[in-house]
*Asks:* 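What follows is a structure written as structure tokens; I'll ask about it next.
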Amino acid sequence: MKNSFELKMGSASVPFIIGVVVLVMSPLLKVDGRVPTTLEGPFEPVTVPLDKSFRGNAMDLPDTDPLVQRTVQGFEPEQISLSLSSSYASLWISWITGEFQIGDNIEALDPESVGSIVEYGRYGRTMSHRSKGYSLVYSQLYPFEGLQNYTSGIIHHVRLTGLKPNTLYQYRCGDPSLSAMSEVHYFRTMPESGPNSYPSRIAIVGDLGLTYNTTSTVDHMISNHPDLVLLVGDVSYANMYLTNGTGTNCYSCSFSDTPIHETYQPRWDYWGRYMQPLISNVPIMVIEGNHELEEQAENKTFVAYSSRFAFPSEESGSSSTLYYSFNAGGIHFIMLGAYTSFDKSGEQYKWLEKDLASVEREVTPWLVATWHPPWYSTYTAHFREAECMRVEMEDLLYQYGVDIVFNGHVHAYERSNRVYNYTLDPCGPVYVTVGDGGNREKMAITHADEPGNCPEPSSTPDKLINGGLFCGFNFTSGPAQGQFCWDRQPDYSAIRESSFGHGILEVKNETHALWIWHRNQDYYGIAGDEIYIVRQPQKCPVKPKVLKNLDMAPVTIFKYLKQFVYSKIL
């Protein structure tokens with residue numbers, strides 16, 4: 001029996017369902033129920049049979065749904081969200097005031113007309129601290145007759161500083177001079193960075209959208225009480241709609257003659273309203289996906305994505321919202337952009353070199369990378385689509401010992417054995433695809449290694465990724481030598497399943513992290529996949545690149561000289 005009740009999160013009330021916790025073994029659990037570890041791998045590939053009885057409801061929530069309606073008045077804050085800065089001591093709070101406009105005759109609101117103020121303090125004390133931020137308005141404009149333009153409400157971003165680690169705070173945001181302040185919300189800061197200091201639970205989800213599948217995914221996430229949410233691309237799916245609000249499951253199929261790929265921006269506002277009960281209390285970190293591109297007049301792209309969220313780009317030395325990094329306890333997260341230059345001569349690659357070189361593994365032992373399109377996926381959907389990015393960046397991530405990689409884009413679940421350059425490698429990362437959050441484009445089902453499913457190589461490059469250049473040549477060695485696809489489930493693929501869901505990462509200490517994937521169709525507390533990911537720093541020492549042109553401080557150079565000598569001794 002299921003019981004419905006409300007979870008109180010500060011001022012928010014979030015309905016969800018709790019079920020009887022039943023131990024269900026994932027395909028990789030041992031007979032005795034013990035959770036396996038990557039030290040026992042590589043594992044024989046497993047494909048979970050397709051559950052044809054459960055395809056989920058891929059319909060978007062309509063704009064009439066109470067969960068996406070505007071419930072505030074005047075310039076009261078709505079769509080409140082949190083995001084981390086580069087360390088525990090600072091945090092961003094974002095919100096929107098005023099109503100969006102869409103149509104032929106729109107007039108942007110004045111960002112200076114409403115203040116950006118956050119009043120806050122430690123829980124149980126007065127909110128005597130005050131921080132002021134900045135505000136902006138963005139527009140989505142089209143140079144074609146008949147398309148409706150859009151201008152947002154006023155978006156506010158305020159950065160709080162001087163925060164204490166692992167501490168519960170309360171806050172309200174808005175403009176007190178207009179008597180337009182939010183209700184009180186709460187957040188807990190990240191623990192201080194260190195080898196024995198980690199957030200309890202980090203939720204990982206991709207390709208979320210705003211469907212009835214999304215609501216199931218978010219309900220499941222809330223039941224797991226995450227301290228942090230990572231969304232690895234494809235947020236609102238506003239670009240699955242024309243500007244008149246007409247939507248589809250396949251834009252190119254339904255609207256092939258549109259002069260520009262339109263996007264219905266109010267879906268972003270609906271998404272922000274729906275997500276507020278969760279992300280006004282739990283920080284969310286987002287990286288762009290292909291659905292965030294949203295081309296408009298003057299070739300502008302990623303405007304809604306870059307405007308609506310706050311990013312620790314400047315704090316992490318990045319000049320772009322499309323890639324950045326941050327710490328969460330003893331984890332260093334690297335958020336990479338697949339839809340901007342990733343060439344070795346480009347700005348992102350140079351930034352990545354510097355960022356990796358600055359990581360102190362004695363302080364943040366775990367190194368986790370995310371970007372949207374996966375390098376290692378066995379589904380026909382987007383098969384080897386990001387191969388050019390892999391060719392450019394994989395060596396660098398391997399040399400610096402990235403432990404785990406999270407991706408989305410492919411609307412299914414897949415976890416790899418440790419792999420490098422398509423070869424099983426005990427020092428390679430574990431790659432996890434979680435592009436199954438709930439989007440309206442439905443699940444990926446077919447696999448490239450099944451008879452007759454191998455895509456034509458020339459069809460695999462994506463024009464959005466590195467201009468559609470072709471890098472996916474046939475394999476030159478191994479079981480797939482001379483072929484573009486494997487003829488069986490690849491050795492690097494440990495488990496794959498076509499189901500909606502999300503994952504929870506629980507880092508236990510400097511060597512062990514528990515990864516759990518939860519399927520939407522299961523009761524709460526059931527694991528669809530579960531494994532301990534184990535680091536072996538002595539067996540897999542960091543191998544930094546040559547230090548030239550990295551502009552590192554002498555202490556950093558000394559640190560890597562020491563690591564180099566240590567690796568030679570081992």
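For the single chain, residues carry numbers from 1 onward in sequence order.
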*Asks:* Determine, using ring centers only, whether Tyr305 and Phe311 are less than 6.0 Å apart.
*Replies:*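 Yes, the ring of Phe311 comes within the 6.0 Å limit of the ring of Tyr305, centre to centre.
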*Asks:* Knowing that exactly one of His512, Glu510, Glu506 qualifies, which makes a side-chain hydrogen bond (donor to acceptor under 3.5 Å, both in side chains) with Lys508?
*Replies:*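 Only one option passes, and that is Glu506.
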*Asks:* Where do Gln348 and Ser320 land on the side-chain hydrogen bond (donor to acceptor under 3.5 Å, both in side chains) test, with the steps shown first?
*Replies:* CA-CA 9 Å; Gln348 179 176 202; Ser320 172; over 6 Å; no
*Asks:* What closest approach, in Å, do Glu414 and Ser377 show between heavy atoms, and which atom pair accounts for it?
*Replies:* OE1-CA, 3.5 Å
*Asks:* Looking at every heavy atom in both Val405 and Val402, which two are closest together, and how far apart are they?
*Replies:* CG2-CG1, 4.0 Å
*Asks:* Find out whether the Lys NZ or Arg CZ of Arg440 is both under 6.0 angstrom from the six-membered ring centre of Tyr237 and within 45° of the ring's axis.
*Replies:* no
*Asks:* Kindly say whether Val368 contributes a backbone atom to a donor-acceptor pair with the side chain of Asp403 at under 3.5 angstrom?
*Replies:*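 Checking the backbone N and O of Val368 against the side chain of Asp403, no donor-acceptor pair under 3.5 Å is found.
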*Asks:* Got Phe342 and Asn466 here, is their nearest side-chain heavy-atom distance under 4.5 Å?
*Replies:* yes
*Asks:* Centres of the Phe406 and Trp515 rings: under 6.0 Å?
*Replies:*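 Under 6.0 Å, so yes.
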*Asks:* Does Glu353 come within less than 4.0 Å of Lys350, counting only side-chain N to carboxylate O?
*Replies:*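 Answer for the salt bridge query: no.
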*Asks:* Indicate yes or no: at least one non-hydrogen side-chain atom of Val286 is less than 4.5 angstrom from one of Glu292.
*Replies:*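 With C-beta onward as the side chain, the pair stays apart.
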*Asks:* For the side-chain contact (heavy atoms from CB on, under 4.5 Å) test, which of Leu50, Val410, Asp51, Thr446 pairs with Ser498?
*Replies:* Leu50
*Asks:* Do Ser318 side-chain atoms and Tyr324 backbone N/O form a donor-acceptor pair below 3.5 Å?
*Replies:*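 A pair under 3.5 Å: no.
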*Asks:* Taking the side chain as every heavy atom from C-beta outward, state whether Asp425 and Tyr398 have any atom pair closer than 4.5 Å.
*Replies:* yes
*Asks:* What are the two closest non-hydrogen atoms of Pro374 and Thr433, and how far apart are they?
*Replies:* CB-OG1, 3.6 Å
*Asks:* Does Tyr339 have any ring pair (Phe, Tyr, Trp, His ring centres under 6.0 Å) partners at least two apart in sequence or in another chain, and if so, which?
*Replies:* none
*Asks:* Just to verify, what does Trp268 make a ring pair (Phe, Tyr, Trp, His ring centres under 6.0 Å) with, not counting sequence neighbours?
*Replies:* none
*Asks:* Under the side chain to side chain donor-acceptor pair (under 3.5 Å) rule, collect the residues that match up with Tyr323, sequence neighbours excluded.
*Replies:* none
*Asks:* With a 6.0 Å cut-off on the ring centroids, do His518 and His220 count as close?
*Replies:* no
*Asks:* Quick one: does Tyr422's side chain get under 4.5 Å of Arg390's, heavy atoms only?
*Replies:*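 Yes. Closest side-chain heavy atoms under 4.5 Å.
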*Asks:* Measuring centre to centre across the rings, with the benzene-like ring taken for any Trp, is Tyr431 within less than 6.0 Å of Tyr492?
*Replies:*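 So the answer is no for these two rings.
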*Asks:* With a 6.0 Å cut-off (strictly less than), is the heavy-atom count around CD of Gln483, excluding the residue itself, greater than 12?
*Replies:*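 More than 12 heavy atoms, drawn from other residues, nucleotides or ligands, come within 6.0 Å of this atom.
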*Asks:* A quick test of your reading: do over 12 heavy atoms of other residues, nucleotides or ligands sit less than 6.0 Å from NZ of Lys300?
*Replies:*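 Atom NZ in Lys300 is not crowded, with 12 or fewer foreign heavy atoms closer than 6.0 Å.
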